[in-house]
Amino acid sequence: MRDLLKDLNEPQKKAVETTEGPVMVIAGAGSGKTNVLTRRVAYIIDSLAVPKDNILAITFTNKAANEMRERIGHLLEIRTHGMWISTFHAMCAKILREHIDYLGYSTNFQIIDDDDATQMIKIIMRDMDIDPRLIKPKKLKNHVLNVKRDPGLLEEYHEPMVTYLKQVYPQYQKRLKDNNLLDFDDLLLLTIQLLKEEKSVRAFYQQQFEYVMVDEFQDTNDIQYKLIRLLTGEKNNVFIVGDEDQSIYAFRGANIENLKKFQRDFKNVKRIVLEQNYRSTNTILKAANQVIKSNKNRIEKNLFSTKSEGEKIRFFKGMTERDEADYVVEKINELKAKGYDYSDFGVLYRANSTSRIFEETFMKRRIPYTIVGNTSFFKRKEIKDMVAYLRLILNVNDDYSFQRVINEPKRGIGRKTVETLRAFAASQDKSMFEAIGDETNPLSGRAINHLKAFRTMIERLIDQIWQTDFNTFLDDLLNATSYKEALKKDEKGDVRYENILELKTMLKESEKTYDTKDKRTLLTYVLEDISLKSQENDVSDEDSVTLMTMHAAKGLEFPVVFIVALEQGLFPLYRSLEDPQGLEEERRLMYVAVTRAQDYLFLTNAKQRYLFGEPTANRNSVFIKEMDQTLLKPEGYAIANKKKHKTYTKSRQTMMNKHRQSLKDYSDNDLNKGDKITHKTFGEGVVISVASEQCTVAFSQSHGIKTLMKDHPAIKKIDKE
DNA sequence: CACCGGTTTATTTTT
DNA sequence: TAAACCGGTG
């Protein structure tokens, strides 16, 4: 037997060894929970001789799942390939592939991502004559998905949203089903429905999953919670790990209350707390604790580090975002000289758009970098096009994919033709592809010829697809559809083609990975991977600096961390200040970001940066102020009262002059009741009341009364002349 | 129907 | 700023 408890501290050991009954582990940041989880799985297999397939382990990302799989394989020297270690969504997809026919869907369903869902909503809105200027498709999609997750919510909406939802939501569901498509929530909801309705299926999985483990429990939503309850049979061996301070996905429906609920719903929950932090220096940990302390309604934890005090946290303020990026480069070079590798650095930001300036600067200054998750590979147009072609070939009745590729590349089939075809197909209860062949369709000469040519082409591809390997087929497809030719005219065509080559590599890989002879099944798997792993952050093997959002950094650690653009409005975001809950979530995000750092932490921002194409000045983020200032070492413009910080003022003199006017315009509005202002989007308004940081403004007609941040860059005071 | 050019509009986070 | 969107022209 292996010593799977080696090097663990007492509570960690207890967490691994307590295998029976419901267990809840409260794991502070950096307390080694991933290790505990991995060892626990290994322990159950090795010491309790439980078959490896009888364990279900749910992780937050696919990446985490793969890592865990690998580590277990390594610990026990076993093959972990088929094990149930995955995200909720991947697990559900796997179950539904087997049993979804009970629910009237076909097992070769395809999965659509959020962008697809938005597109779908957009099309529905167009068909139903809902003006996209009144409600943005993306926003409506969010509401539709909210109602889908929790139908009771519909009651809480007001007009005109209720009407929109009542019109659009059923259509959305119908079209998904008609096209054999599932969105992310369907995966969960239909699995729940399946387990509820089909006793035999439920019994099967409850028996299968003797031990259930869920990581990042603080970020589960209500549906996922229900799923866990359904999957846990009489054995009741549920093990959850979480940390309320690290809950950062409320916007996606995550419910921190689930942690408390768990203790209520499951009887005799054993509770284990991991408080020893192995990751960060004491200075970093102290700063993190000070920040998170401002959140109300949390259970105080007593995290302690065994590391030394370490270096002070540097707080650098540059003149511009360019300065800020230059500073980061400078520090990277300095620490690199001291022996750190590029891969030891992480640059974290709140919003993806912040990455640009760092990308530019790094490129110019020759710092190798990897951006995680930005425009993910699978969201690229050319990849989505290829996927749509493949889906259409697998299922010609998939109208959604049909509409994506019918005129991509351009083949003379315009909106009007597509619309006529769609309407006709709907009236005949046929798919659009089928409707082309229906001689009674109302389409005339040229349009119908183009459509027929398209149909012939697809049919020919259907004949070909199983004859060769996927790579050859993809070449055929590129030629037959003239896609390759069109790329030549596209100025981004080269890059796009390279991406398609990458897709080919992926197809080739999967031909090896999945041990199935059935090519159809194989392709279905691959397409599923593409939908579910769209966020899969391909960690490059090269030694490079990592750039990513704080959300993406969850679960990771770096010896050196830069948290950048720490400005009020950017982080915390203005929008999150609207309610206290929002601010608390932002604060937890800050907590997550700070606790990623092992040795060095740098906080940076800029006096002035371009935002919405305009120079803007923001204050320091409140989160900096919430830290004990003695832990910080200010640099650049962060040095208090030192206006003549030579290197900066002098070299930036011109720029300052240039922007003096705009700075004056934007910073610190001195507003009083009765003042007139203009707002970038709401137009003119009158201030009706002023609080310390916020003001309430009455705008004209359609916008009504709004509460805004007093010095929001969008606000300008109108001077009385 | 495709293309052009001007205009508007958005920047939260992701399975 | 940059991408998406709209409307008019060929």
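We name chains A, B, ... by the order of the sequence lines, and we start the count at 1 in each one. Hydrogens, waters and symmetry mates play no part in the numbers below; they use all other heavy atoms, side chains included.
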May I have the distance from A/L611 (atom CG) to B/dT12 (atom P), rounded to whole angstrom? 11 Å
Would one find a side-chain N or O of A/T549 under 4.0 angstrom from OP1 or OP2 of B/dT14? yes
What is the distance, to the nearest angstrom, from the CD atom on A/E614 to the P atom on C/dA2? 15 Å
Distance, rounded to the nearest Å, where A/D115 contributes CG and B/dT15 contributes P: 12 Å
It should be established whether A/N407 places a side-chain nitrogen or oxygen under 4.0 Å from OP1 or OP2 of nucleotide B/dA2. yes
May I ask you to check if A/R97 and A/F109 form a cation-pi contact, with NZ or CZ under 6.0 angstrom from the six-membered ring centre and within 45° of the axis? yes
In whole angstroms, the gap separating P of B/dA2 from NZ of A/K410 amounts to 6 Å
Can you name the residues that form a salt bridge (charged side-chain N to carboxylate O under 4.0 Å, His left out) with A/K122, not counting sequence neighbours? none
Please report, rounded to the nearest Å, how far the P atom of C/dT1 is from the CZ atom of A/R322. 11 Å
Quick check on DNA chain B: between A/A447 and A/E585, whose nearest nucleotide comes earlier from the 5' end? A/A447
Atom-pair distance (NZ on A/K141; C1' on B/dT14), nearest Å: 10 Å
Pick the C1' atom in B/dT12 and in C/dC5, then give their distance to the nearest Å. 23 Å
Mind calculating the distance between CG (A/N62) and C1' (B/dT14) to the nearest angstrom? 12 Å
So what does A/K136 hit on the nucleic acid, given a heavy-atom distance under 4.0 Å: a base, only sugar-phosphate, or nothing? sugar-phosphate
Using a cut-off of 4.0 Å on non-hydrogen atoms, how would the nucleic acid contact of A/D185 be classed: base, sugar-phosphate, or nothing? nothing
Can you figure out which of B/dT13, B/dC1, B/dA2 approaches the side chain of A/N352 most closely? B/dT13
A/L589 near the nucleic acid: base, sugar-phosphate alone, or nothing, with a heavy-atom cut-off under 4.0 Å? nothing
Which is true for A/S576 with a 4.0 Å heavy-atom rule: it touches a base, it touches only sugar-phosphate, or it touches nothing? nothing
Check A/Q218 against A/A254 and note the closest heavy-atom contact, atom names and distance. O-CB, 4.2 Å
Of the listed nucleotides B/dT14, B/dT13, B/dC1, the one nearest the side chain of A/K416: B/dC1
Which residues pass the side chain to side chain donor-acceptor pair (under 3.5 Å) test with A/E324, not counting sequence neighbours? A/T604, A/R609
Once you apply a heavy-atom cut-off of 4.0 Å, does A/R356 come out as touching a base, just sugar-phosphate, or nothing? sugar-phosphate
Nucleotide nearest A/R350 when distance is taken to its side chain, options B/dT13, B/dT11, B/dT14: B/dT13
Using atom CD of A/E567 as one end and atom P of B/dT12 as the other, report the distance to the nearest whole Å. 16 Å
Flag this pair as yes if the NZ/CZ of A/R252 is under 6.0 angstrom from the six-membered ring centre of A/Y249 and inside a 45 degree cone about the axis; otherwise no. yes
Check whether the aromatic ring of A/F612 stacks on the base of C/dT1, taking stacking as ring centres less than 5.5 Å apart and planes within 30° of each other. no
Counting heavy atoms from C-beta on, name the nucleotide in B/dT15, B/dT11, C/dC5 closest to the side chain of A/K122. C/dC5
Looking across every strand, which nucleic acid part, if any, lies under 4.0 Å from A/F60 by heavy atom: base, sugar-phosphate, or nothing? sugar-phosphate
Can we say A/K148 and A/D183 salt-bridge, meaning some charged N sits less than 4.0 Å from an Asp/Glu carboxylate O? yes
On DNA chain B, more 5' by nearest nucleotide between A/T87 and A/G414 is A/G414
